[in-house]
Amino acid sequence: MKDWMKMAGIRSSEITDEAAFKQRRTLIQAAMAAGVTGAIGAEAHAATKPLSQAIQKSEFSTDEELTSEETATTYNNFYELGTDKGDPVKNADKLVTKPWSLIIDGECDNPGTFTIEDILKPHAVEERIYRLRCVEAWSMVIPWNGFPLADLLKRFKPNSKAKYVAFETTSDDRLPGLGSRVLDWPYREGLRIDEAMHPLTMMAMGMYGNEIPNQNGAPLRLVVPWKYGYKSIKSIVRISFTEKQPPTSWNLAAPHEYGFFSNVNPEVSHPRWSQAKERRLSGETSGLAALFSAKVETKFMNGYGDEVGGLYSDMDLTKFF
Ligand code: MTE
C-alpha cells in the first residue's frame, strides 16, 4: 500500500482492479493540481461566457443529479492537451479556437469549408442532460447545450454512398500533447450513418449554459450518450461522409480493447477490467471528494437501450463491441 493511499484514506480492500487504481491515482493528481494551481482553474472557470442564445429544454434529458460544473471542466480526457486528468484545464489556452473552420467532404452534394459561425448559425440551442460514461468506469451527468447532429449533416446532403461519418480533431502543432505517441494524431472518430442521424446524437457548443470551455472540446464537439466517452470527439475540424468504415484513434491504438462501436455494455468487459459498474462523479464532487463518490450499476447502452437497441438488433455485441 502506497503512502498517498493511506493519506487519502483508501483501504487495500477497496482496490478492486486496475481501472479503479488508475482512476484514484488520476483523481489525486487532479486534486493536487487543483490545489497547487487553483488560480488557473478558477481563471479557466471564470473565462466561460454565458451563451447568448435562448436555450430550450429537451425531452431527452435525464433527471439524475448533475455533476458540478467545476468537476466537469477540471477532470478531463483530452490527450492533445495532456494525458493527466488535470492537464486539459491547465493547458486550455494552448488550444486556439479563433478563427475556426470546418471542412465537410466525402459522399455528399454540398461539401465545403465553413466558418464555425456558418456552422452554428441556423441551429436553435437545446439543453440535454446526458450521462457521459467513460471507458475508465467513471461517469458524469452533464447539461450539454447544442443541437442534433442529424440537423447539421442534412445541410450537406449526404448521398446514397454515405454509409459512415468520420470526424477529426484539430492537430494544430501548438497543442502540447501531440508530442506524445500514445495515439496517432489527429484524434479520429466515426459513426455508422444511422448512429450519426439518430436523434440522441448531438453536437455541443456549450455546457451548463456557458460556451464550451477549451478543455471540454471548444468550439464544437460530438456527444453520443450511449457510447463510451472516447467516441465523443472534441474540437472538430473535419467531417467526412464515407462509404467504408473509417479508422478511429482508440481502435487503431488497441483494437482488441476498443472496438468501432464502443456501445456501453455492462456485460461486455474491457479485457483488463469489468464494465459492470461505474463511479458517478455527481453533485459537488471534485478533487479528493471524488474518490468517495458512489459506484452505480452501469446500464445497457448507458440507459438508452430502448431508444438505440434496435440499431444493433442483428449484431453479436460481444463481437462488435
Ligand atoms: N477528443 C479528443 N480530440 N481527444 C481526446 O483525448 N478524449 C475522449 C473524448 N473526446 C478525447 C476526445 C474521452 S476518453 C472522453 S471520456 C471524453 O472526451 C471526455 O470528455 P470531457 O472531458 O468533456 O468529460
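- For N145 (side chain) and M207 (main-chain N/O), a donor-acceptor pair under 3.5 Å exists by modelled atom type.
- Using a distance-only test at 3.5 Å, with no hydrogens or angles considered, a donor-acceptor pair links the side chain of S274 to the main chain of A276.
- The closest side-chain donor-acceptor pair between R133 and T298 falls under 3.5 angstrom.
- A salt bridge does not link K234 with E80: none of the charged nitrogens is closer than 4.0 Å to a carboxylate oxygen.
- Without hydrogens or angle criteria, Y130 side chain to L200 main chain gives a donor-acceptor distance under 3.5 Å.
- Rounding to the nearest 0.5 Å places CH2 of W100 at 7.5 Å from CG of D172.
- Residues D184 and R188 are paired through a salt bridge, judged by an N-O separation under 4.0 Å between the basic side chain and the carboxylate.
- Following chains of ILVMFWY side-chain contacts shorter than 4.5 Å, one can reach Y258 starting from W226, so the two form part of one hydrophobic cluster.
- The minimum heavy-atom distance linking V89 with G86 is given by the pair CG1-O, 3.5 Å.
- Remark: the backbone N or O of A72 is paired with a side-chain donor or acceptor of N76 at under 3.5 angstrom.
- Salt bridge present: K57 and E127 bring a charged side-chain N and a carboxylate O closer than 4.0 Å.
- Counting only distance, with no hydrogens or angles, the side chain of T67 and the backbone of V141 share a donor-acceptor pair below 3.5 Å.
- Aromatic pair Y79/W185: ring centres not closer than 6.0 Å.
- A donor-acceptor pair is defined here as one N or O able to donate and one able to accept, closer than 3.5 Å; no such pair exists between the side chain of N214 and the backbone of D93.
- Under a 4.0 Å N-O distance rule, the pair E64/R280 qualifies as a salt bridge.
- To the nearest 0.5 Å, the span separating CG on N216 from CZ on F78 amounts to 9.0 Å.
- Remark: side-chain polar atoms of S61 are paired, donor with acceptor, to backbone N or O of I129 under 3.5 angstrom.
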Inset, instruction - Take K163 and E107 through the salt bridge (charged side-chain N to carboxylate O under 4.0 Å, His left out) test and state the conclusion after the steps. - result: CA-CA 9 Å; K163 304 276 193 294; E107 301 294 347; over 6 Å; no
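- Taking 4.0 Å as the cut-off between side-chain N and carboxylate O, K295 and E278 do not count as a salt-bridged pair.
- Aromatic rings of F156 and F114 (six-membered ring for Trp) have centroids within the 6.0 Å cut-off, being under it.
- Ion pair E297/K299 not flagged as a salt bridge, since none of the NZ, NE, NH1 or NH2 atoms sits closer than 4.0 Å to an Asp/Glu carboxylate oxygen.
- W144 contributes atom CH2, which lies 4.0 Å from atom CD1 of I142 (distance to the nearest 0.5 angstrom).
- Salt bridge annotation for K231-E189: present, with a cationic side-chain nitrogen under 4.0 angstrom from a carboxylate oxygen.
- N91 places no side-chain N or O within donor-acceptor distance of the main-chain N or O of P88, the cut-off being under 3.5 Å.
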